[in-house]
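Structure first, commentary second.
No experiment lies behind these values; they were computed from the predicted model shown. Hydrogens, waters and symmetry mates are skipped; everything else that's a heavy atom, side chains included, is used. Below, chain A is the first sequence line, B the second, and so on; all start at residue 1.
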Protein chains: 2
Amino acid sequence: MDRDARKAQLAEAVWQVILDQGISAVSVRTVAEHAGVVVGSLRHVFPTRSELVQFSAELMMERVTERLLTATPHDDSREYVVAKIKNVLPLDPDSRAEYEVNLALLAERAAVPGLLQVRLDAHHQLAKLCVRLVEILTGQSGTPAVASRAHRLHALIDGLAFHLFHQPVEADTTWALDIVWSEVSAIAADTNSGEITR
Amino acid sequence: MDRDARKAQLAEAVWQVILDQGISAVSVRTVAEHAGVVVGSLRHVFPTRSELVQFSAELMMERVTERLLTATPHDDSREYVVAKIKNVLPLDPDSRAEYEVNLALLAERAAVPGLLQVRLDAHHQLAKLCVRLVEILTGQSGTPAVASRAHRLHALIDGLAFHLFHQPVEADTTWALDIVWSEVSAIAADTNSGEITR
DNA sequence: AGCAGCGTAGCACGACCGTGCTAGTATGTG
DNA sequence: CACATACTAGCACGGTCGTGCTACGCTGCT
């Protein structure tokens with residue numbers, strides 16, 4: 001078997017164990033068993049537990065990035081932006097699981113220092129995406145209003161993700177999309193709305 | 001020593017271990033050592049690990065609730081609302097630690113089922129607070145616009161908390177407060193702004 | 001004084017942990 | 001064919017884990 005495929009297989013086993021039994025249950029033994037390999041084989045690819053955990057975090061981020069980069073052309077710029085945002089929200093069982101694993105790995109960062117960087121990378125990447133989306137909507141670039149609006153959009157997205165994660169899988173999610181739509185419309189309609197009126 | 005004080009002492013030790021070594025390092029032994037008691041004593045209070053972890057989650061939520069209930073009178077209703085919101089954001093090292101522990105415990109919910117309920121309670125409590133704040137700002141009550149605005153405010157607060165958590169302790173936090181101010185002002189200024197213009 | 005109850009201390013057990021290590025086995029290359 | 005390389009398989013070690021259990025001291029009631 002291809003080495004990268006084996007690594008991916010093991011990383012996916014890590015995710016599964018996290019979902020089934022929590023992050024504390026992630027050990028070389030449980031993961032190897034879940035992946036259907038013996039510990040020796042796992043350790044041939046990942047000599048230590050830290051490397052295993054860190055790689056599974058990196059692969060997760062890579063998958064998300066990949067999904068984000070797939071072009072989703074739309075006639076209307078607002079529709080395009082909303083489609084992009086839907087890509088990063090935990091709206092279906094798969095992305096919910098992804099989000100949960102993400103949170104769990106975040107909680108292990110004291111034990112596996114490398115996870116901190118992975119998390120920060122993901123955060124900055126989403127920040128950059130938000131800036132890009134706001135630029136698309138407003139037609140402006142580099143202005144303080146853009147930065148402010150992007151910041152706000154970013155916070156809103158993370159908050160919605162957190163909320164969606166808290167409700168049952170089968171629950172209604174249109175309210176979240178409504179909030180996204182209203183925010184996107186507001187950005188598109190009023191390019192000055194990012195100013196602080198304190 | 002008073003029994004409740006002992007339980008609190010042990011719960012605080014749990015929090016400290018999470019911050020120092022991650023959730024996976026939370027065991028009856030590490031926690032007992034951190035609290036300066038022997039395992040036998042800890043187990044006299046918390047017979048099993050699950051009870052220990054669950055109680056520490058419950059106490060954390062209780063502490064936050066307590067802080068939220070302390071009245072903070074302000075002349076201006078907007079100032080009052082912003083003060084309340086500042087109470088739930090991880091703005092200082094203490095509340096940052098609190099937030100981190102919260103996330104870590106969330107990640108253990110597969111292993112300790114009771115944590116799920118604790119987390120949901122916290123979520124709903126914050127939701128109720130948001131409704132109350134919007135009612136104060138708008139003077140309305142029970143209308144769909146209030147519910148919508150509250151939902152949105154709730155998401156924004158959770159998102160900002162997530163963001164603040166991602167930046168260094170010493171970093172600037174005024175941008176977050178600016179966003180809070182602008183949102184609060186928007187709610188106060190336009191009671192119809194919660195409508196969806198899709 | 002005797003005694004009960006509560007909290008402290010700690011031993012013991014079997015299980016699981018990460019990791020170092022060796023032996024076998026398949027595979028591709030000369 | 002021989003042989004190196006890559007992978008699989010698994011043993012062994014010292015350590016930590018949760019938890020059942022007993023023994024000891026203190027404190028207050030009768």
Student check: side-chain heavy atoms of W15(A) and N102(A) closer than 4.5 Å = no
Whole-Å distance, L42(A) CG to dC7(D) P, equals 14 Å
So, do Q117(A) and E58(A) sit near enough that their side-chain heavy atoms are less than 4.5 Å apart?
-> no
Going by the side-chain contact (heavy atoms from CB on, under 4.5 Å) test, name the single residue among I18(B), L42(B), V53(B) that passes it with V31(B).
-> L42(B)
Determine whether more than 12 heavy atoms belonging to other residues, nucleotides or ligands lie under 6.0 Å from atom CD of Q125(B).
-> yes
In the 5'-to-3' direction, what one-character label does each nucleotide of nucleotides 11-29 of chain D receive under the scheme B = base within less than 4.0 Å of a protein heavy atom, S = sugar-phosphate only, - = no such atom?
-> -B----BBBBB--------
Atom pairs under 3.5 Å: protein N/O with N/O of nucleotides 23-29 of chain C:
none

Rounded to the Å, how far apart are D4(B) CG and dG7(C) C1'?
-> 15 Å
Separation of E33(A) atom CD from dG10(D) atom P, in whole Å?
-> 13 Å
Would you say the side-chain atoms of H166(B) pair up with the backbone N or O of F162(B), donor to acceptor, closer than 3.5 Å?
-> yes
Ring geometry between H123(A) and H163(B) (parallel below 30°, tilted from 30 to 60°, perpendicular above 60°) = perpendicular
End-to-end bend of the helix from dA1(C)-dT30(D) to dG30(C)-dC1(D) (five-pair axes, 10° rounding)?
-> 10°
Atom of F165(A), atom of E100(A) and distance for their closest heavy-atom approach = CE1-CB, 3.7 Å
Phosphate-side-chain proximity, H44(A) and dT8(D), N/O vs OP1/OP2 below 4.0 Å = no
Write down the distance between CG (L52(A)) and P (dC17(C)), rounded to a whole number of angstrom.
-> 13 Å
Pair R119(B) + E108(B), salt bridge at N-O below 4.0 Å | no
